[in-house]
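This report concerns only the one structure given below.
The sequence lines fix the lettering, A, B, ..., with proteins before strands; numbering per chain opens at 1.
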Amino acid sequence: MVIYDSVQKKKVLFEPIVENEVKIYVCGPTVYDDAHLGHARSSIAFDLLRRVLVALGYNVTFVKNFTDIDDKIINKMKESGQSLEAITTYYIKRYKEEMHALHVNDADIEPKATENVTEIIHFIEAMLLKQVAYKTSDSIFFDTSKDTQYLSLSQRNMDESTSLARVDNNDEKKDQKDFALWKFAKVSEPSYMAPFGNGRPGWHIECSAMIEKHLASHEGMYQIDIHAGGADLLFPHHENEAAQTRCKSGQEIAKYWMHNGFVTISGEKMSKSLGNSFFLKDALALYDGEVLRFYLLSAHYRANFNFSEEDLLQSKKRLDKIYRLKKRVFDTTPSDVNAQFKQKMLEALSDDINISVALAVLDEMVAVANEHLDKNAKDKAYKATTLANILWLSPLLGIGEHDPYKYFQIGIMEDEKKEIEWLISKRNEAKKAKNFLEADAIRSQLEAKNIQLMDTPNGTLWEKVN
RNA sequence: GGCGAUAUGGCCAAGUGGUAAGGCACGAGCCUGCAAAGCUCCGAUCCCCGGUUCAAAUCCGGGUGUCGCCUCCA
């Protein structure tokens, strides 16, 4: 397996710290609002990474957190009058439902910041003891000057060109770069008891603490294999996490870093301030989750992804073809996966998740199978292998897992189905009587309802088309 | 202003030194009563300029465009 390490800025051979064991931590969402397409993209990207590593035989431990205490959530509390828990519980539930619709598997561990405050406090205490953190009147800050490696992750230079006075220079921070580990309690804001003063954790500290708790081996080894997240997290979030863990433990927090590219809409990044967020709930109301997954999956995870409905519908057609082939071979019992197909597929995915090549391998398999079945419709052994190929591939990519007949009938009610089938039988009678005018009239009638007919040797099939 | 990506046929998108994968759309054909589905065939010299090399989309230099990070952010 080769992956692109976003700190080394190149593809490197992936070698887990402990043979066959892979520990991955992905930065999850701050749960104060509905998830958008960007969350979907990131989740899908690393869900695929996880599936590939599992397929390659690794024993993967996958952790994704929920940030459930944060300024934005507190703002939401003030706006809505709801409790912190009510807000975060709601959005976590929504998030998980939407991820399931996208066929994103749950992480092995899904820690929440609020459930790890004790660990966070211990972490901060250790840093205070090592004097890499200091107290001001309202916060505890990390002292970036104590970390000689600071900024090594994002490789930026803030000393000279820090004329970027865009950051408000207030408080008693020793240095503009220092960041809050703990914010002391304010009236009407949630807070936790701590020996150094009641308050609540800053953003970056939770990940360091939870990684240590859930993934570190506790045998003096704090480093995990892969730390992943959106490209915007590299700085400052991951930089700060790395600094914290380095200063506390003397070790690097992660061996490899992976960052996914953004989803843009009309070429612009989605953001609150631009008001162009495309929420997942809205997307899922319009498109099937699997189609959305396949679309978001179809470009390399590091590339920026410009969302467009037109491209999504193009992408759907590609998925349709897989399901049509599945339909063709669905009545057989799967045998063994074609070894060459399997090898080519894993080869592509092992190259930093080269999904484009992987999908090309899949398309080739589909085309070759269709061609073969056109000429040898009764080749049961071939059908069995083809079905095996599809059934092997589906859980690897998280697509094509549905009943192929049902896939083409999404959104069709039972009584509607009966009517369609009744019309089809009427059309077939007309066809038998060579009454093609009537047969075509029925077909047009169905087409008007977005029902496409296909006459095959095994009878007339129908699909709902967009 | 600093830093980092990226620029491939109508659209989406691989490929990082040896004469451009794949998908969608388009066109032609096979199949079909006709369609649909499926299959076959058909299209690009890779943003511009200069350089290195026997050989570059692929390396180097200089431009231009687009996007992102530097502030919460997947």
Side-chain angles (χ1 to χ4, degrees), chain A residues 6 9 11 26-30 32-33 35-46 64 67 70-72 75 151 154-168 203 228-237 259-264 267-273 277 295 298-306 308 310-321 324-325 327-328 348 351 354-364 366-375 431 434-437 439-440 443-444 447 451-456 460-463 465:
Chain A
S6 37
K9 293 189 194 302
K11 282 188 190 175
V26 180
C27 288
T30 300
Y32 71 106
D33 202 353
H36 53 62
L37 289 177
H39 294 107
R41 161 112 148 122
S42 183
S43 298
I44 290 168
F46 298 119
K64 181 153 84 175
T67 298
D70 170 270
D71 289 347
K72 293 186 292 294
N75 287 340
L151 300 181
S154 53
Q155 293 164 30
R156 59 188 71 218
N157 185 349
M158 290 181 88
D159 306 319
E160 297 144 29
S161 58
T162 310
S163 55
L164 47 82
R166 298 176 62 182
V167 193
D168 50 339
W203 175 33
D232 52 348
L233 296 180
L234 181 56
F235 185 86
H237 185 54
H259 292 92
N260 66 277
F262 290 109
V263 176
T264 57
E268 276 183 323
K269 181 185 170 185
M270 288 187 292
S271 75
K272 273 280 152 76
S273 50
S277 294
Y295 173 51
S298 65
H300 189 84
Y301 74 92
R302 270 188 286 121
N304 280 160
F305 193 104
N306 190 43
S308 96
E310 193 189 332
D311 295 343
L312 182 142
L313 294 176
Q314 282 187 8
S315 179
K316 179 182 182 299
K317 291 185 179 178
R318 203 173 187 178
L319 182 59
D320 289 349
K321 288 179 77 164
R324 285 199 192 102
L325 178 63
K327 204 153 53 166
R328 250 183 129 165
D351 181 14
N354 192 332
I355 191 67
S356 293
V357 170
L359 292 181
V361 170
L362 173 57
D363 287 330
E364 193 200 353
V366 171
V368 169
N370 275 321
E371 188 184 6
H372 184 91
L373 294 173
D374 278 352
K375 291 172 188 156
K431 273 175 65 183
K434 307 242 182 234
N435 186 351
F436 295 123
L437 271 171
D440 291 352
R443 188 169 63 198
S444 305
E447 271 170 7
I451 303 300
Q452 182 68 59
L453 299 188
M454 283 172 281
D455 293 326
T456 78
T460 303
L461 302 179
W462 62 275
E463 291 178 3
V465 293

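- Residue contacts shown for A/E364 are absent, as no nucleic acid heavy atom lies under 4.0 Å away.
- Base pairing of B/C69 is made with B/G2, judged by Watson-Crick or G-U wobble geometry with both donor-acceptor distances under 3.5 Å.
- Pairing of B/G38, defined by two Watson-Crick or G-U wobble distances under 3.5 Å, is identified with B/C30.
- The C1' atoms of B/G10 and B/G62 are separated by 32 Å, rounded to the nearest whole Å.
- Neither OP1 nor OP2 of B/A74 sits under 4.0 Å from any side-chain N or O of A/K269.
- One atom, CD of A/E268, and another, P of B/C69, lie 11 Å apart when rounded to the nearest Å.
- Considering only side-chain N and O atoms, A/R324 lies under 4.0 angstrom from the phosphate OP1 or OP2 of B/G38.
- Taking atom P in both B/A28 and B/A36, one finds a spacing of 12 Å when rounded to whole Å.
- Between the CE atom of A/M454 and the C1' atom of B/G38 there is a distance of 10 Å, given to the nearest Å.
- Side chain to side chain, A/S6 and A/H259 meet the donor-acceptor criterion of an N or O pair below 3.5 Å.
- On the C1' atoms, B/A20 is 13 Å away from B/A13, given to the nearest whole Å.
- Nucleic acid contact for A/L233: sugar-phosphate only, since backbone atoms but no base atoms lie under 4.0 Å from a heavy atom of the residue.
- B/G29 and B/A44 have their C1' atoms separated by 24 Å, given to the nearest Å.
- In this structure, A/I451 atom CD1 and B/A35 atom C1' are separated by 16 Å, rounded to whole Å.
- The distance from atom CD1 of A/I451 to atom CD of A/E463, rounded to the nearest 0.5 Å, is 9.5 Å.
- Going from atom CG of A/L373 over to atom C1' of B/A37 covers 13 Å, rounded to whole Å.
- Each of B/G22, B/A35, B/C39 was ranked by its minimum atom distance to the side chain of A/A360; first place goes to B/G22.
- B/A74 atom P lies 19 Å from atom OH of A/Y301, rounded to whole Å.
- Taking atom P in both B/C41 and B/U58, one finds a spacing of 30 Å when rounded to whole Å.
- Base pairing analysis places B/G17 opposite nothing; no Watson-Crick or G-U wobble pair with both distances below 3.5 Å involves it.
- Here the side chains of A/R328 and A/N370 are in contact, with some heavy-atom distance below 4.5 Å.
- Taken from CD in A/Q452 to CG in A/L461, the straight-line distance is 11.5 Å, to the nearest 0.5 Å.
- Residue contacts shown for A/D440 include a base, since a base heavy atom lies under 4.0 Å away.
- Nucleotides B/G63 and B/A7 place their C1' atoms 14 Å apart, quoted to the nearest Å.
- At a cut-off of 3.5 angstrom, counting only N and O atoms as typed in the model, there is a donor on one side and an acceptor on the other between the side-chain of A/R443 and the base of B/A35.
- Looking at heavy-atom distances under 4.0 Å, A/K317 makes contact with sugar-phosphate atoms alone, never a base.
- Ion pairing between A/D320 and A/K317 fails under the 4.0 Å rule for side-chain N and carboxylate O.
- Contacts of A/K431 with the nucleic acid, taken as non-hydrogen atoms under 4.0 Å apart, include base atoms.
- Atom pair A/L151:CG and B/C3:P shows a separation of 14 Å (rounding to whole Å applied).
- Among the protein residues, A/G38 comes within range of the nucleic acid bases, having at least one heavy atom under 4.0 Å from a base atom.
- For the P atoms, the distance from B/U66 to B/U71 is 24 Å, rounded to whole Å.
- Using the Watson-Crick or G-U wobble rule with both distances under 3.5 Å, B/A7 pairs with B/U64.
- Across all strands shown, B/G43 forms no Watson-Crick or G-U wobble pair with both distances under 3.5 Å.
- For the residue pair A/S43 / A/K64, a side-chain donor-acceptor distance below 3.5 Å is found, with atom types taken as modelled.
- Proximity of A/K269 to A/D232: side-chain heavy atoms (C-beta onward) are separated by under 4.5 Å at one or more points.
- Pairing of B/C59, defined by two Watson-Crick or G-U wobble distances under 3.5 Å, is identified with B/G51.
- Salt bridge present: A/D351 and A/K11 bring a charged side-chain N and a carboxylate O closer than 4.0 Å.
- The CG atom of A/D363 sits 11.0 Å away from atom CG of A/L325, with the distance rounded to the nearest 0.5 Å.
- Residue contacts shown for A/A367 are limited to sugar-phosphate atoms, with no base heavy atom under 4.0 Å away.
- A/K9 places its NZ atom 9 Å from the C1' atom of B/A5, with the value rounded to the nearest Å.
- If you take CG of A/D363 and C1' of B/G23, they are 6 Å apart, rounded to a whole angstrom.
- Where A/H36 and A/R302 each meet RNA chain B at their nearest nucleotide, the meeting point lying more 5' is that of A/R302.
- Nearer the 5' end of RNA chain B, as judged by each residue's closest nucleotide, is the contact made by A/K375, out of A/H39 and A/K375.
- A/V26 comes within contact range of no nucleotide atom at all, as no heavy-atom separation falls under 4.0 Å.
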Listing time: all N or O pairs from protein to nucleotides 12-15 of chain B that are below 3.5 Å?
from: B/A13; atom 1: O2'; to: A/S356; atom 2: OG; distance (Å): 2.8
from: B/A14; atom 1: OP1; to: A/H300; atom 2: N; distance (Å): 3.4
from: B/A14; atom 1: O5'; to: A/S356; atom 2: OG; distance (Å): 3.1
from: B/A14; atom 1: O3'; to: A/N354; atom 2: ND2; distance (Å): 3.3
from: B/G15; atom 1: OP1; to: A/N354; atom 2: ND2; distance (Å): 3.3

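- Taking atom C1' on both nucleotides, B/U16 is separated from B/G38 by 36 Å, rounded to a whole Å.
- With hydrogens and angles left out, the side-chain atoms of A/S42 and A/N260 include a donor and acceptor closer than 3.5 Å.
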